[in-house]
Protein chains: 2
Amino acid sequence: MSLLVVGSVALDTVETPFGRAEDALGGSATFFSAAASLLHPVQLVGVVGDDYPTDALAFLAERGVDLAGLETAAGESFRWSGVYSYDLNSRETLETRLGVFADFAPKIPEQFRDAEWVFLGNIDPDLQIGVLDQVRKPKFVACDTMNLWIEIKHTRLLDLLKRVDLLMVNDAEARQLSGEHNLTKAARWIMDRGPRYLIIKKGEHGAILFTPNSTFFAPGFPLELVFDPTGAGDAFAGGFMAHVAKSGGLEDADLRRAMIYGSVLGSYAVEAFSIERFKDLTAEEIEERTRQFHQMTVFELPVNAGV
Amino acid sequence: MSLLVVGSVALDTVETPFGRAEDALGGSATFFSAAASLLHPVQLVGVVGDDYPTDALAFLAERGVDLAGLETAAGESFRWSGVYSYDLNSRETLETRLGVFADFAPKIPEQFRDAEWVFLGNIDPDLQIGVLDQVRKPKFVACDTMNLWIEIKHTRLLDLLKRVDLLMVNDAEARQLSGEHNLTKAARWIMDRGPRYLIIKKGEHGAILFTPNSTFFAPGFPLELVFDPTGAGDAFAGGFMAHVAKSGGLEDADLRRAMIYGSVLGSYAVEAFSIERFKDLTAEEIEERTRQFHQMTVFELPVNAGV
């Protein structure tokens with residue numbers, strides 16, 4: 001049940017009210033892999049410059065991230081820097097330097113082309129489609145996107161949507177893509193254009209899973225200290241996809257559990273800068289937090305509900 | 001298990017992107033009673049001017065709202081008018097005319113003073129305390145408040161908090177009251193000041209119940225059309241309090257169910273102007289939506305959770 005991720009591998013400089021991290025490990029494929037590999041092996045495809053501290057990724061390789069698809073190109077690595085507002089609800093990008101990422105054209109190694117579970121991190125829809133042209137018979141394809149692609153690559157994004165099983169976006173992106181403010185309407189609009197499943201992430205307010213049969217709400221985990229929100233969405237994707245890859249099931253019950261694993265990994269991501277929290281996160285801690293999610297949401301209706 | 005509500009009975013003029021209602025029935029006690037009385041009898045205390053269309057409240061009396069505490073004073077009724085933004089997430093108050101409400105000093109009729117379940121709608125904390133001085137031995141007291149009282153009656157509000165079991169506020173109010181942006185910290189701050197229980201309402205994002213033992217998240221109900229958000233919070237309070245009054249239990253399991261009834265009644269409130277939706281809402285519709293809430297949130301953990 002191999003799980004493939006294609007996305008950015010970057011160096012992030014992040015400032016939050018709690019401190020600053022410089023040239024820390026970042027990028028969608030990095031956060032995804034750091035989270036997912038706690039549950040399931042991962043095959044990573046991405047590109048870094050010859051300045052990248054690849055040694056720092058060794059711990060990922062040790063726990064089952066196959067880095068055979070991580071290309072090193074001559075030049076600078078992708079760098080992003082940003083600063084968060086005091087309440088962490090908004091951030092300003094200070095600088096984006098694409099470096100070698102500007103010419104990234106994902107090449108899927110032969111041994112990855114039979115991947116059954118595929119996550120297309122937030123990159124140009126043309127490149128995401130290029131990945132789908134290379135994998136042979138995926139069982140399940142999920143993708144992310146962002147405001148930039150919704151704006152400048154709308155048609156290609158719609159082409160892509162016809163070929164994916166799940167779109168995973170935040171509420172602002174769902175609204176922008178559909179032109180609908182109401183999220184239920186936005187969900188219908190998006191699912192009418194291809195994806196059988198849709199996840200709308202709402203940050204601290206949790207995430208919603210739409211399937212053809214039902215809607216499922218996972219709350220945000222109540223943290224007293226959010227240290228750095230960077231990468232939470234990709235860690236969520238990692239937890240979600242690793243759980244479906246591991247369980248192999250696509251019934252609503254499987255996807256709901258995957259939502260909880262996504263929420264758990266996303267919540268751990270923000271407890272420290274970069275992928276730091278995933279370095280020593282244990283299976284027991286993950287398990288414990290899934291139980292807390294259950295405890296936070298469970299209720300019984302009266303046998304004779306209503307009046 | 002008598003349930004008492006003290007609050008405003010007003011006439012609202014509301015403009016939303018979907019239309020306009022003029023001098024429609026409004027006020028916290030009105031919304032509370034219209035919702036609660038679908039589940040349990042209510043005793044209402046409030047004041048209206050001699051211009052109030054009290055006939056329009058007859059349907060409430062018919063279904064168990066005891067209006068013996070609704071005083072009619074010479075003068076104008078409390079009038080509020082406001083306009084909602086296109087996305088319904090913000091509203092501007094155009095006018096507030098207190099009328100006879102300016103001199104409101106709730107007098108609890110003798111036959112209401114043994115009320116076991118008491119809800120203090122959003123009025124001056126001095127008046128809320130005045131109510132508590134008149135009721136004899138309530139089993140459970142809940143109260144609402146607002147930014148104005150947090151600002152100008154802070155000390156009295158803190159006095160009140162020592163005497164209530166549950167505070168029910170929205171996220172902005174919880175933050176303002178506690179001075180904490182993080183809602184988990186805000187909750188601790190508030191519960192350290194008296195209330196054993198706290199509900200933080202987050203509009204479309206649902207509501208959170210904090211008890212000494214646990215935290216419970218109820219999602220917002222996904223409506224395709226929100227017609228008029230006015231009164232949703234008071235309808236929530238009505239559904240919540242009516243369920244606890246009816247069940248008589250204050251265990252976490254009881255309060256969680258009450259959260260769902262609150263969410264259900266709050267969600268119905270916004271489907272029409274004023275209290276219109278409650279006029280023909282049936283027990284079966286309420287029951288059906290509690291089941292939908294269950295369906296939207298239920299998940300099973302793997303027997304052997306985690307990796």
Query raised in the report: Under a 4.5 Å heavy-atom cut-off, does chain A meet the side chain of B/Asp87, its backbone, both or neither?
Result: both
Query raised in the report: Can you say whether B/Glu204 sits under 4.5 Å from chain A via the side chain, the backbone, both, or neither, judging by heavy atoms?
Result: both
Query raised in the report: Does a sphere of radius 6.0 Å around CZ in A/Arg196 hold more than 12 heavy atoms from other residues, nucleotides or ligands, not counting ones at 6.0 Å or beyond?
Result: no
**Report entry** Atom CD of B/Glu224: over 12 foreign heavy atoms under 6.0 Å
**Finding:** yes
Can you tell which part of [X] gets under 4.5 Å to a heavy atom of chain B, answering side chain, backbone, both or neither?
X	result
A/Leu223	backbone
A/Thr297	both
A/Tyr86	side chain

Report task. Quick one: which of A/Arg257, A/Gln295, A/His205, A/Arg256 has the most heavy-atom pairs under 4.5 Å with chain B, could you say? Result -> A/His205
**Report entry** Contact leader toward chain B among A/Glu288, A/His243, A/Arg188, A/Arg289, where contacts are heavy-atom pairs under 4.5 Å
**Finding:** A/Arg188
**Report entry** Side-chain donor or acceptor of A/His294 paired with backbone N/O of B/Phe299 under 3.5 Å
**Finding:** yes
**Report entry** Selection from B/Pro219, B/Ala242, B/Ser247 maximising heavy-atom pairs under 4.5 Å formed with chain A
**Finding:** B/Pro219
From [X] atom [atom1] to [Y] atom [atom2], the distance as rounded to the nearest 0.5 Å:
X	Y	atom1	atom2	result
A/Ile208	B/Met296	CD1	CE	9.0 Å
B/Thr215	A/Gln292	OG1	CD	9.5 Å
B/Ile260	A/Leu301	CD1	CG	7.5 Å

Query raised in the report: Of all residues at least two apart in sequence or in a different chain, which pass the ring pair (Phe, Tyr, Trp, His ring centres under 6.0 Å) check with B/Phe32?
Result: B/Phe119
